[in-house]
Amino acid sequence: MTTYTSDFLRVLDERGLIHQVSDPEGLDALCRQGTQTAYVGYDATATSIHIGNLISLTMLYWFQETGHRPITLMGGGTSMVGDPSFRDDQRKLLTVEEIATNIESIKRVFSRILRYGDGPTDAIMANNADWLLKLNYVAFLREVGRHFSVNRMLSFDSVKLRLDREQSLSFLEFNYMIMQGYDFVELNRRYGCRLQMGGSDQWGNIINGVDLSHRMGGPQLYCLTTPLLTTASGAKMGKTANGAVWLNADVFSPYDFWQYFRNTEDADVGRFLKVFTRLPLDEIARLAALGGSEINEAKKVLATEITAIVHGREAAEAAAETARKTFEEGALATDLPTVAVPRGEIEPGLGVLSAFVKAGLVPSTGEARRQVKAGGLRVNDAVVTDERALLGLGDLTSDGVVKLSFGKKKHVLLRPE
RNA sequence: GGGGGAAUGUCCCGAGCGGCAAAGGGGGCGGACUGUAAAUCCGCUGGCUAUGCCUUCGUAGGUUCGAGUCCUACUUCCCCCA
């Protein structure tokens, strides 16, 4: 299947967002028959979703753009269990309160990307806690559980890792795929949802839902997954020294977010532009073709466009400007990430090592000490050579801050107050 | 049901005669070179109020001056027999 005739699948295909489709012809035909409904499920296991999730969210965006109705499903119920897919250990169990907090926090990003409301193609926010938590155990087993074969469940790649690693897979977690399968059927009943999308690691879970619908006498459902994004040198995307690249500004600043994409490898620029931004394909082709150091221009466009989608145009421009001042002019950009320090701590002299820890640039004074030896720390652009040096009010620049740098790229301003 | 084996540095894999903060990789971070890229080379890769102190080898006890290393029980997993 190489040529799609529906707007939706054509766009996804052109942008390299399709990894696998359960029935390409069938889905293509369906998408041409007026407004359809599709969903993506999001775990509530953290206070924010990350760039891995941004891809599926982008698919929902294109789904809506091409005249359909997207559903974002919050895993209020499934997060009580935890998805064991491709994990080598059990997740820690979340409390009901943690899940509720996470959902509230996660929701904020969705409304930037999708248009919610009551219109025919307005997005719907659903929560599987609404039906999963009410289920009666035995009734559920008889109605749904009987359609699942344990033999088959054990054959899924998603649990292989766990089994091969000789780690226990609890019955609790084993139920996850059943719940997710049931979600699909339930969303079909409630909203006529016919398609579930997700990352390629969700294929098994989604297919279970497609299967379950069959067995329960429901309509034909479809599954579409995106490729797992890796960088050209093979690393998984979205990991930094400090953890994942989150979409919520309070856990991962727009500036850091912009920087993350600014540092994209040359070989990835074209692909990332297609996957993450909404720029026209001919414009992307032009940018990706830039050679040598000119490709840096394309990286800036990439960074600004994605940041604008997630954090808004204004925040994106600000991040770009801060970066320009810092890296291209070598000037002090006053809106670099800033950490406030009580005046009382600086006045008597604050140890350089603990200053870097306070700024969040290094995790411990031990690490700071090592970095001094390696020449990786700088105060106001001067390399720190003495680990016992003290920072005082005399180190404040004319802007009243101290600029701390870790490596060439990470900068934080310390502001006494 | 019986017998044998495994679990190591809270990223992963993996050595480890009773003196061990524990070999070696991978990954990650920093430096050099560059273009805030890749590749390459070099260094680092438990914590701290630091010539010392504290916490780490599945969990809990025990033997010992001293235990990752020996003993006992437990947990999880693998293999063989039934």
Side-chain angles (χ1 to χ4, degrees), chain A residues 84 86-92 154 159-173 230-245 255-273 287-304 307 319-331 333 336 345 348-358 360-378 381 383-388 390 404-411:
Chain A
F86 299 98
R87 290 184 62 94
D88 55 14
D89 56 355
Q90 179 162 11
R91 290 170 192 269
K92 103 178 186 4
L154 283 174
V159 298
K160 277 256 172 53
L161 177 68
R162 193 67 158 275
L163 299 174
D164 290 348
R165 286 273 232 96
E166 304 172 10
Q167 297 284 333
S168 116
L169 175 68
S170 69
F171 184 67
L172 173 80
E173 298 172 280
T230 53
T231 67
S233 30
K236 258 191 203 168
M237 258 203 91
K239 286 176 67 186
T240 69
N242 298 323
V245 176
Y255 171 79
D256 286 330
F257 191 85
W258 193 92
Q259 281 297 323
Y260 180 81
F261 284 99
R262 172 62 183 81
N263 285 299
T264 297
E265 293 177 30
D266 289 7
D268 289 325
V269 173
R271 197 158 50 100
F272 287 2
L273 280 167
L287 288 168
L290 293 173
S293 59
E294 287 193 345
I295 192 128
N296 282 325
E297 290 311 310
K299 291 183 188 179
K300 288 178 204 166
V301 172
L302 172 70
T304 303
T307 309
E321 177 58 16
T322 301
R324 194 185 64 76
K325 277 189 194 152
T326 307
F327 290 98
E328 292 176 25
E329 290 180 10
L336 279 169
E345 287 186 34
L350 177 62
V352 245
L353 301 180
S354 43
F356 276 88
V357 175
K358 268 186 204 305
L361 286 168
V362 293
S364 67
T365 57
E367 176 63 17
R369 185 167 284 114
R370 275 178 228 120
Q371 290 303 339
V372 168
K373 288 201 186 87
L377 301 186
R378 278 168 297 142
D381 298 318
V383 176
V384 177
T385 49
D386 177 11
E387 61 180 48
R388 318 188 111 188
L390 295 176
L404 303 181
S405 311
F406 173 41
K408 292 261 153 47
K409 300 176 190 172
K410 285 166 289 240
H411 310 280

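All chains are named by letter (A, B, ...) in the order of the sequence lines, taking the proteins before the strands, and each is independently numbered beginning at 1. Since the model is a prediction, treat every value here as computed from it, not as a measurement.
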Figure out the [atom1]/[atom2] separation between [X] and [N], and round it to whole Å.
X	N	atom1	atom2	answer
A:Leu350	B:rU49	CG	P	12 Å
A:Gln259	B:rA37	CD	C1'	13 Å
A:Glu321	B:rU36	CD	C1'	16 Å
A:Lys325	B:rU36	NZ	C1'	18 Å
A:Phe356	B:rC29	CZ	C1'	15 Å
A:Lys300	B:rU36	NZ	P	9 Å
A:Arg369	B:rG52	CZ	C1'	13 Å
A:Trp258	B:rU36	CH2	C1'	9 Å

If the [atom1] atom of [N] is compared with that of [M], how far apart are they to the nearest Å?
N	M	atom1	answer
B:rU69	B:rA6	P	13 Å
B:rG28	B:rC12	C1'	11 Å
B:rG68	B:rG46	C1'	16 Å
B:rG4	B:rA67	P	28 Å
B:rU10	B:rG5	P	29 Å
B:rG24	B:rG30	P	22 Å
B:rU55	B:rA22	C1'	14 Å
B:rA15	B:rU8	P	11 Å

Is [X] touching bases, backbone alone, or none of the nucleic acid, heavy atoms closer than 4.0 Å?
X	result
A:Leu377	nothing
A:Glu328	nothing
A:Lys409	base
A:Lys299	base

Any [X] side-chain N or O less than 4.0 Å from OP1/OP2 of [N]:
X	N	value
A:Lys410	B:rU36	no
A:Arg370	B:rG47	yes
A:Lys408	B:rA32	yes
A:Ser364	B:rC48	yes
A:Thr365	B:rU49	yes
A:Thr264	B:rA37	no

For A:Lys408 and A:Phe327 the tightest heavy-atom approach is O-CE2, 3.5 Å
Note: A:Leu350 and A:Ala355 closest approach over all heavy atoms is CD2-CB, 3.9 Å
Provide the Watson-Crick or G-U wobble partner of [N], both distances under 3.5 Å; none if there is no partner.
N	value
B:rA7	B:rU75
B:rG35	none
B:rC70	B:rG62
B:rG27	B:rU45
B:rG1	B:rC81

Looking at B:rA50, does its base get a donor-acceptor pair with the side chain of A:Arg388 below 3.5 Å? no
Worksheet item: When only distance counts, do a donor and an acceptor, one from the side chain of A:Glu367 and one from the base of B:rU45, lie under 3.5 Å apart?
Response: no
Its glycosidic angle compared against 90° from 0, B:rC77 adopts the form anti
For A:Ala323, does its backbone N or O pair with a side-chain atom of A:Thr326 as donor and acceptor, under 3.5 Å? no
Salt-bridged, A:Lys410 to A:Asp256, with N to O below 4.0 Å?
no
Would A:Lys300 and A:Glu328 pass as an ion pair if we require N to O under 4.0 Å? yes
Of A:Gly366 and A:Gly407, the one whose nearest nucleotide on RNA chain B sits closer to the 5' end is A:Gly407
Contacts of A:Ala374 and A:Arg262 projected onto RNA chain B by closest heavy atom; the upstream (5') one is A:Ala374
Here the gap from A:Ser405 atom OG to A:Leu377 atom CG, rounded to the nearest 0.5 Å, amounts to 9.0 Å
One should read off an interatomic distance between A:Ser293 OG and A:Lys299 NZ, to the nearest 0.5 angstrom, of 10.5 Å
Picking from B:rA37, B:rU36, B:rC48, the nucleotide nearest the side-chain atoms of A:Glu265 would be B:rA37
Point to revise | Intermediate values then yes/no, side chain to side chain contact (heavy atoms under 4.5 Å, CB included), A:Thr307 and A:Phe261 | key: CA-CA 9 Å; A:Thr307 309; A:Phe261 284 99; 5.6 Å; no
